[in-house]
There are 2 protein chains.
Amino acid sequence: MAQATRRERPRSDTEREIRETARNLLVRHGREAVTLRAIARELGITAPALYRYYNSREDLLRQLCDDICLDVSGHLSADLAGIPEGDTTAQVFAVCRGFRRWALAHPHEFALVFASPEGSKAPPAGEAGECGPGPAHDQFGRVFLMVAGRVLITHEVRPPRPVAIPRALVADLEAFRDALLASLAEHGIEVPPERLGLDTVYFMLQFWVRLYGHVALEVFGRFPIAVSDPEPMFESMLTDLATQVGLQVP
Amino acid sequence: MAQATRRERPRSDTEREIRETARNLLVRHGREAVTLRAIARELGITAPALYRYYNSREDLLRQLCDDICLDVSGHLSADLAGIPEGDTTAQVFAVCRGFRRWALAHPHEFALVFASPEGSKAPPAGEAGECGPGPAHDQFGRVFLMVAGRVLITHEVRPPRPVAIPRALVADLEAFRDALLASLAEHGIEVPPERLGLDTVYFMLQFWVRLYGHVALEVFGRFPIAVSDPEPMFESMLTDLATQVGLQVP
DNA sequence: TAGCCATGGTGAACGGTGTTCACAACTTTC
DNA sequence: GAAAGTTGTGAACACCGTTCACCATGGCTA
């Protein structure tokens with residue numbers, strides 16, 4: 001009965017249901033609990049049926065990563081929607097706070113997407129390995145860093161206190177800047193290239209390092225001291241970063 | 001034969017062999033591969049025998065964390081031994097570089113100890129959960145942060161540019177400072193408490209955030225841009241941190 | 001010295017897992 | 001209506017953690 005019903009629905013529906021169930025298991029019981037048989041059980045199906053949709057459990061987990069990236073980027077966009085267009089400072093804060101809040105609320109998803117060793121084994125043939133910087137991860141990175149980038153650019157941004165840019169990084173930074181500008185242009189945001197200096201791009205990288213560092217440490221409980229309430233520390237970091245970049249923080 | 005031989009050796013020997021084998025599996029094939037049966041196989045033993053030494057696989061993994069912490073702290077101490085007593089800057093650099101190098105060389109161990117969700121399930125009875133801040137993790141944190149702390153103190157340290165310390169953090173920071181001073185005194189390093197201001201302690205926390213952030217991002221390949229060689233970036237961060245704290249970097 | 005008993009091993013067994021395969025049922029296409 | 005393709009099933013294999021009854025060994029005490 002349910003089987004007949006399922007077969008009538010389009011393939012993409014079942015595909016979505018599978019990933020939803022997997023997400024649920026991941027969120028509630030961690031990576032080890034997202035098991036083919038558990039998913040199948042939940043869907044009233046047998047485990048081998050899942051192989052009609054995914055090549056293996058690893059493959060499914062990889063696609064889960066994509067879903068998660070899309071999801072978190074959606075969350076951030078939603079948070080951003082509530083901020084007035086002009087208030088760039090609030091936008092930066094909203095995105096960063098949103099990321100932290102999401103990570104704390106979904107530690108297992110965070111661990112899977114942002115804190116798993118890169119698939120050391122090369123995937124079969126040119127496929128994206130594990131869930132590293134692939135299309136969807138880019139999607140997230142884009143929504144995240146592009147938002148930050150747009151914010152940093154539309155605002156009169158003054159580069160932070162001078163830091164020598166390592167020479168070996170210049171090429172990477174230039175590539176990143178170009179990609180960023182292209183991505184912004186793609187979204188209708190025209191930016192004169194001279195507004196986005198390499199030092200600003202470099203600062204964004206360091207911004208990400210600190211943001212990620214704090215969030216990961218908090219999610220994993222790996223601060224070297226018992227921090228009874230990490231939120232003020234996070235806020236302090238945000239204002240520090242914001243003032244460094246020349247944003248006026250209330 | 002081998003069995004009779006094993007029985008004659010003291011219990012601690014077998015215990016050590018088990019963890020060595022487990023470490024090997026972890027390092028070479030990741031967490032999922034450290035399996036009771038695989039360990040037993042390697043030791044010429046059956047899996048149930050392992051239960052004479054550990055209550056469960058999770059228990060074994062927890063103790064593995066302790067071993068790893070001790071190991072990395074040993075590595076750092078060794079690195080430190082090669083630095084002249086007075087050259088505090090070199091000492092800071094050595095510890096940080098050593099940590100990065102170890103993490104890059106042992107990504108799976110790094111992920112297990114420093115990037116695993118805290119055991120959300122309370123361990124049976126007052127036991128240390130997962131491998132979070134427990135005795136051994138403290139051991140690592142001590143060797144690490146204490147080394148950094150000693151270095152920062154023996155040197156004439158001037159607090160970095162003023163940052164408002166969140167009021168909610170003051171109590172935590174004071175507790176940490178006291179613990180740090182006690183730990184230093186325990187190792188024969190007498191330090192006048194007024195030399196270690198709360199702002200310095202706070203800076204050490206932020207130091208750790210950035211160090212951890214960079215290392216984790218590099219280990220997991222989660223930089224938002226393709227960084228062809230992250231080492232100069234790491235070095236740049238180190239010199240930035242060092243100069244901020246008033247160390248003279250060559 | 002004889003017996004006891006804690007220690008540390010064994011093999012069998014249970015339920016769970018990923019994965020493969022032959023096969024069946026249903027849908028679509030020719 | 002037959003052929004082909006799609007999507008499910010159930011059995012099976014190998015592996016996993018874990019429990020259990022059982023057995024050998026060695027050191028202790030009566």
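Below, read A as the first sequence line, B as the second, and so on, with proteins coming before strands; counting in each chain starts at 1.
A:Arg11 places its CZ atom 12 Å from the C1' atom of D:dG5, with the value rounded to the nearest Å. Residue B:His29 contributes atom NE2, which lies 17 Å from atom C1' of D:dC16 at whole-angstrom precision. Taking atom CG of residue B:Leu25 and atom C1' of nucleotide D:dC16, one finds them 14 Å apart after rounding to whole Å. Here the P atom of nucleotide D:dG5 and the CZ atom of A:Arg52 are 13 Å apart, to the nearest Å. The CD1-P distance, from A:Ile18 to D:dT7, rounds to 11 Å in whole Å. Atom CG in B:Leu60 sits roughly 10 Å away from atom P in D:dG17 (whole-Å rounding). Rounded to whole Å, atom P of C:dG16 lies 20 Å from atom CD of B:Glu32.
Residue A:Tyr54 holds its OH atom at 8.5 Å from CD1 of A:Ile39, rounded to the nearest 0.5 Å.
Residues satisfying the side chain to side chain contact (heavy atoms under 4.5 Å, CB included) test with A:Ala103, not counting sequence neighbours, are A:Phe110, A:Val215, A:Val219. Scored by the side chain to side chain contact (heavy atoms under 4.5 Å, CB included) test, A:Ala49 finds A:Ile45, A:Thr46 as partners (sequence neighbours excluded).
Using a cut-off of 4.0 Å between Lys/Arg side-chain N and Asp/Glu carboxylate O, B:Glu58 and B:Arg31 are scored as salt-bridged. For B:Arg19 and B:Glu42, the salt-bridge test fails: no basic side-chain N is under 4.0 Å from an acidic carboxylate O.
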In the 5'-to-3' direction, what one-character label does each nucleotide of nucleotides 10-15 of chain D receive under the scheme B = base within less than 4.0 Å of a protein heavy atom, S = sugar-phosphate only, - = no such atom?
BBB---

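For A:Arg210 (side chain) and B:Gln206 (main-chain N/O), no donor-acceptor pair under 3.5 Å exists by modelled atom type.
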